[in-house]
Amino acid sequence: MNKILAMPDGRSGRIVEVEAYCGAEDPAAHSFRGQTTRNASMFGEQGHMYVYFTYGMHFCANAVCWERAPGSGVLLRALEPLTGVERMREARHGIERNTLLCSGPARLTEAMGIDRELDGADLVLGSEGPLILDDGTPPPEVPTASPRIGISRGIDPPWRWHIEGNAHVSKRPSRPRAR
DNA sequence: TTGAGGATTCTC
DNA sequence: AGAATCCTCAAA
């Protein structure tokens with residue numbers, strides 16, 4: 001949280017919203033039932049990226065992190081755009097409001113140009129493109145744990161965290177999602 | 001081999 | 001509230 005996701009072409013943003021998915025102990029995790037072709041990178045090296053395709057049109061990106069359990073990862077849900085904003089705007093079909101560029105897991109991958117080609121990329125070295133940097137900004141002192149969004153199982157543990165008051169955090173649907 | 005459902009977003 | 005849209009995996 002509060003670290004920076006950067007692309008080689010200059011696009012970058014601060015990570016202001018994340019969710020944790022915790023392997024075999026988490027029914028909502030793609031890795032819940034063990035390793036498959038799709039989720040293989042969740043079982044690969046920590047610090048690499050797990051990118052998945054969903055709803056027939058969207059990509060979402062995770063940082064693989066086994067701190068709690070094997071096959072775990074952190075879903076990147078929102079960025080505050082820092083640099084390369086015009087580039088992001090192009091990628092997002094000219095969307096004007098900066099708060100809509102990266103405020104959602106599939107929005108931020110579209111804005112940053114992240115797709116299945118980058119599944120498994122090393123986020124620490126940045127050798128394949130995306131890189132996570134620490135500019136010294138500390139994570140929030142008071143955790144803002146809340147329920148995860150868009151899942152149908154494993155809804156109990158409040159494993160979503162965001163920077164309180166940040167305008168680029170994604171908006172929670174007002175109604176509980178159908179299903 | 002089949003088909004239900006999905007860590008979503010956009011528009012109506 | 002409904003559509004877009006395709007891939008994965010469990011079940012048969």
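Naming convention: chains lettered A, B, ... in sequence-line order (proteins, then strands); numbering from 1 in each chain.
- Counting to the nearest Å, the C1' atom of B:dT9 and the CZ atom of A:Phe59 are 14 Å from each other.
- Figure legend. B:dA7 is base-paired to no nucleotide; pairs are counted as Watson-Crick or G-U wobble with both atom distances under 3.5 Å.
- Counting to the nearest Å, the P atom of C:dC6 and the CZ atom of A:Phe53 are 7 Å from each other.
- For the pair A:Met42 CE and C:dC9 P, the interatomic distance rounds to 13 Å; values are reported in whole Å.
- There is no side-chain donor-acceptor pair under 3.5 Å between A:Thr144 and A:Glu164.
- For A:Arg116, counting side-chain heavy atoms from C-beta on, the closest listed nucleotide (C:dC7, B:dA7, C:dC9) is C:dC7.
- A donor-acceptor contact closer than 3.5 angstrom links the side chains of A:Arg97 and A:Thr99.
- Nearest nucleotide to the side chain of A:Met57, out of C:dT8, C:dA4, B:dA7: C:dA4.
- As judged by a 4.0 angstrom heavy-atom cut-off over every strand, A:Arg38 is placed among residues touching the sugar-phosphate backbone only.
- No N or O donor and acceptor, one from the side chain of A:Tyr55 and one from the base of C:dA4, sit under 3.5 Å apart.
- Within the 4.0 angstrom heavy-atom criterion, base atoms lie near A:Ala28.
- Atom pair A:Tyr50:OH and C:dT8:C1' shows a separation of 10 Å (rounding to whole Å applied).
- Considering only side-chain atoms of A:His58, the nucleotide from B:dC10, B:dT8, B:dA7 that sits closest is B:dT8.
- Using a 30° and 60° split on the angle between ring planes, A:Tyr52 and A:His30 fall in the perpendicular class, above 60°.
- Using modelled atom types, one finds a donor on one side chain and an acceptor on the other under 3.5 Å when comparing A:Asp119 with A:Ser41.
- For the pair A:Arg77 and B:dT8, the criterion of a side-chain N or O lying under 4.0 Å from OP1 or OP2 is met.
- By the criterion of side-chain heavy atoms lying less than 4.5 angstrom apart, applied directly or through intervening Ile, Leu, Val, Met, Phe, Trp or Tyr residues, A:Phe43 is grouped together with A:Tyr21 in one hydrophobic cluster.
- The A:Tyr52 side chain lies nearest to B:dA7 when the options are B:dC10, B:dA7, C:dC9.
- Atom-to-atom, CZ of A:Arg148 to C1' of B:dG6 comes out at 15 Å; the value is rounded to the nearest Å.
- Taking atom CD of A:Glu110 as the reference point, atom P of B:dT9 lies 10 Å away to the nearest angstrom.
- If you measure from atom NZ of A:Lys171 to atom P of B:dT9, you get 12 Å, rounded to the nearest angstrom.
- Salt-bridge annotation for A:Glu86 and A:Arg89: present, with a side-chain N of the basic residue lying under 4.0 Å from a carboxylate O of the acidic one.
- Pairing for C:dT5 is absent, judged as Watson-Crick or G-U wobble with the two contacts each under 3.5 Å.
- For A:Arg92, no side-chain nitrogen or oxygen approaches OP1 or OP2 of B:dT9 to under 4.0 Å.
- Taking side-chain N and O atoms only, A:Ser152 has a distance below 4.0 Å to OP1 or OP2 of B:dG6.
- When heavy atoms are screened at a 4.0 angstrom cut-off, A:Leu75 is found touching base atoms of the nucleic acid.
- A distance cut-off of 5.5 Å between ring centres, combined with a plane angle under 30°, places A:Tyr21 in a stacking arrangement with the base of B:dA7.
- As rounded to whole Å, 17 Å separates atom C1' of C:dT5 from atom CG of A:Asp115.
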